[in-house]
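Worksheet: one structure, shown below.
Just so you know, these numbers come straight off a predicted model, no measurement behind them. For the numbers below, each heavy atom of this structure counts, side chains included, while hydrogens, waters and symmetry mates do not.
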Amino acid sequence: MKLTFLGTGNSAQMPVYNCDCVACARARSDTRHVRLPCSALLHGDDGQWLIDSGLTDLTTRFAPGTLQGIFQTHYHADHAQGLLHLRWGVNLRIAVYGPADEVGFADLYKHPGILDFSQPFEAFEERPFAGFSITALPLQHSRLTYGYLIRPDQGDSLAYLTDTQGLPEQVEHFLRAQRPAHCVLDCSYPPRPEPGRNHNDLNQALAIHAAIGAGTTWLTHAGHELDRYLMAHPEALPGDVRQAFDGDQIQL
């Protein structure tokens with residue numbers, strides 16, 4: 001199995017509209033540093049599984065029948081807006097697994113089209129799929145959000161943890177016991193004097209990395225402030241923590 005980062009940016013993406021900072025200028029001159037909405041693709045034994053659906057080109061990016069399902073972390077626009085168009089397909093069904101959010105996003109629950117929201121996860125529920133299992137982990141965000149621990153039948157485990165600010169104590173203990181080989185972790189901001197809300201700064205992300213003992217942590221959901229900081233301070237990341245960029249892949 002492998003995981004491909006489809007997007008590693010926050011809701012502003014990269015480059016930020018009308019921003020001429022050094023990070024945004026770099027992204028305009030080098031597409032390697034462009035950041036689309038935070039999302040990933042899991043390549044399993046039976047096909048492809050999407051993690052979050054903030055990309056707005058899902059209907060052209062994925063041919064009919066190539067998506068086995070979608071693991072939705074939560075229903076903020078930058079993680080769910082691609083579903084608004086995808087739902088109007090015909091002659092197939094696509095399962096969307098995620099939190100049981102009564103509000104959802106826009107009118108998706110009222111008019112789901114080809115999307116099937118009928119099997120939401122419960123916190124800490126583990127489900128088997130073809131070639132892997134996945135466990136839903138409650139995160140700390142402004143609305144109900146799940147991270148996911150992905151355990152291949154053969155291969156290394158991966159924790160996907162965005163959007164969150166810190167981790168609930170029970171989740172931290174669970175992941176410390178599991179010691180995933182890889183952790184994809186929300187890190188939206190450079191170090192800040194006071195912790196923010198909803199998203200980690202670099203100090204919080206590094207503390208989570210140390211607390212759960214992941215083999216390698218990949219930072220995602222980045223804002224241009226973080227990219228600017230790491231351009232000036234590349235030594236701020238230890239050897240087992242990496243910035244993820246769109247297109248990067250993790251072999252599990």
Side-chain angles (χ1 to χ4, degrees), residues 1-10 14 21-24 26-27 29-36 38-43 51-52 73 132 135 137 139-140 147-152 154-169 171-193 195-196 199-252:
M1 296 186 70
K2 66 180 177 181
L3 180 135
T4 300
F5 291 94
L6 301 182
T8 56
N10 65 5
M14 180 85 72
C21 75
V22 293
C24 291
R26 180 180 67 171
S29 64
D30 183 354
T31 57
R32 162 72 177 160
H33 299 285
V34 169
R35 295 189 184 276
L36 296 177
C38 189
S39 56
L41 190 66
L42 184 65
H43 308 261
I51 304 178
D52 277 339
T73 62
F132 67 100
T135 303
L137 304 174
L139 301 181
Q140 297 181 151
Y148 295 107
L149 177 65
I150 301 162
R151 285 183 279 206
Q154 295 182 342
D156 293 330
S157 60
L158 180 145
Y160 191 92
L161 308 173
T162 185
D163 298 20
T164 193
Q165 190 270 316
L167 289 180
E169 184 176 353
V171 173
E172 182 179 311
H173 289 169
F174 176 84
L175 289 173
R176 186 184 304 140
Q178 297 294 325
R179 294 186 66 85
H182 298 279
C183 178
V184 176
L185 181 61
D186 181 302
C187 184
S188 296
Y189 304 110
R192 297 188 292 183
H199 298 283
N200 294 319
D201 70 6
L202 182 58
N203 288 336
Q204 293 168 315
L206 293 179
I208 291 171
H209 167 71
I212 68 175
T216 302
T217 291
W218 303 71
L219 305 180
T220 192
H221 208 281
H224 64 162
E225 302 98 331
L226 177 65
D227 274 16
R228 274 204 311 270
Y229 178 83
L230 290 175
M231 289 172 71
H233 304 279
E235 74 287 350
L237 296 185
D240 52 359
V241 177
R242 305 178 186 178
Q243 259 198 308
F245 290 94
D246 295 19
D248 283 353
Q249 293 188 332
I250 303 174
Q251 193 71 42
L252 302 182

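- For the pair I51 and V184, the minimum side-chain heavy-atom distance is 4.5 Å or more.
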Check residues 233-241 and write down every donor-acceptor pair under 3.5 Å in which the side-chain atom is one partner and the other belongs to a residue at least two apart or another chain.
unit_1 : atom_1 : unit_2 : atom_2 : d
D240   : OD1    : H209   : NE2    : 3.3
D240   : OD2    : H209   : NE2    : 3.1

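- A pairwise comparison of heavy atoms in M14 and C24 identifies SD-SG, 3.9 Å as the closest pair.
- D52 places none of its side-chain heavy atoms less than 4.5 Å from the side chain of C38.
- At least one donor-acceptor pair closer than 3.5 Å links the side chain of N200 to the backbone N or O of G166.
- Side-chain N/O atoms of Q140 and T164 include no donor and acceptor closer than 3.5 Å.
- No side-chain heavy atom of T217 sits less than 4.5 Å from a side-chain heavy atom of I208.
- Evaluation of the side-chain hydrogen bond (donor to acceptor under 3.5 Å, both in side chains) rule for H173 yields no partner, not counting sequence neighbours.
- Closest approach of G223 and N10 over heavy atoms only: CA-ND2, 3.3 Å.
- Here the side chains of L252 and F132 are not in contact, with every heavy-atom distance at 4.5 Å or above.
- Of the inter-residue distances, the one linking C21 atom SG with R228 atom CZ reads 4.5 Å to the nearest 0.5 angstrom.
- Rounded to the nearest 0.5 Å, atoms CD (Q165) and CG (D201) are 8.0 Å apart.
- Side-chain contact between D227 and R26 is present, with at least one heavy-atom pair separated by less than 4.5 Å.
- In terms of modelled atom types and a separation under 3.5 Å, the side chain of R176 and the main chain of A211 share a donor-acceptor contact.
- Expressed to the nearest 0.5 Å, how far CG of L36 lies from CG of L6 amounts to 8.5 Å.
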Name every donor-acceptor pair, under 3.5 Å, that has one atom in a side chain of residues 155-162 and the other anywhere in the protein, sequence neighbours excluded.
unit_1 : atom_1 : unit_2 : atom_2 : d
S157   : OG     : A181   : N      : 3.4
T162   : OG1    : D186   : OD2    : 3.4

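- Side chains of L167 and L175 form a contact here, defined as non-hydrogen atoms less than 4.5 Å apart.
- The two atoms that bring T4 and Q249 nearest to each other are OG1-NE2, 3.0 Å, heavy atoms only.
- The nearest pair of heavy atoms linking L185 to A205 is CD2-O, 3.4 Å.
- For L137 against V171, the heavy-atom pair with the smallest separation is CB-CG1, 4.2 Å.
- Shown here for A244 and R35, the closest heavy-atom pair between the two residues is O-NH1, 2.8 Å.
- By the side-chain hydrogen bond (donor to acceptor under 3.5 Å, both in side chains) test, T220 pairs with no residue at all, sequence neighbours left out.
- To the nearest 0.5 angstrom, H33 atom NE2 is 7.5 Å from M231 atom CE.
- A 4.5 Å side-chain heavy-atom check between Q178 and T135 finds every atom pair outside the cut-off.
- Classified by interplanar angle (parallel below 30°, tilted 30° to 60°, perpendicular above 60°), the ring pair H182/W218 is tilted.
- A donor-acceptor pair is defined here as one N or O able to donate and one able to accept, closer than 3.5 Å; such a pair exists between the side chain of Q251 and the backbone of M1.
- Take H199 and apply the ring pair (Phe, Tyr, Trp, His ring centres under 6.0 Å) test, not counting sequence neighbours, and it matches H141, H221.
- Residues satisfying the ring pair (Phe, Tyr, Trp, His ring centres under 6.0 Å) criterion with Y189, sequence neighbours excluded, are absent altogether.
- In summary, R242 and D248 do not engage in a salt bridge, as defined by a charged side-chain N under 4.0 Å from a carboxylate O.
- Rounding to the nearest 0.5 angstrom, the gap separating the CG atom in L219 from the OG atom in S188 is 10.0 Å.
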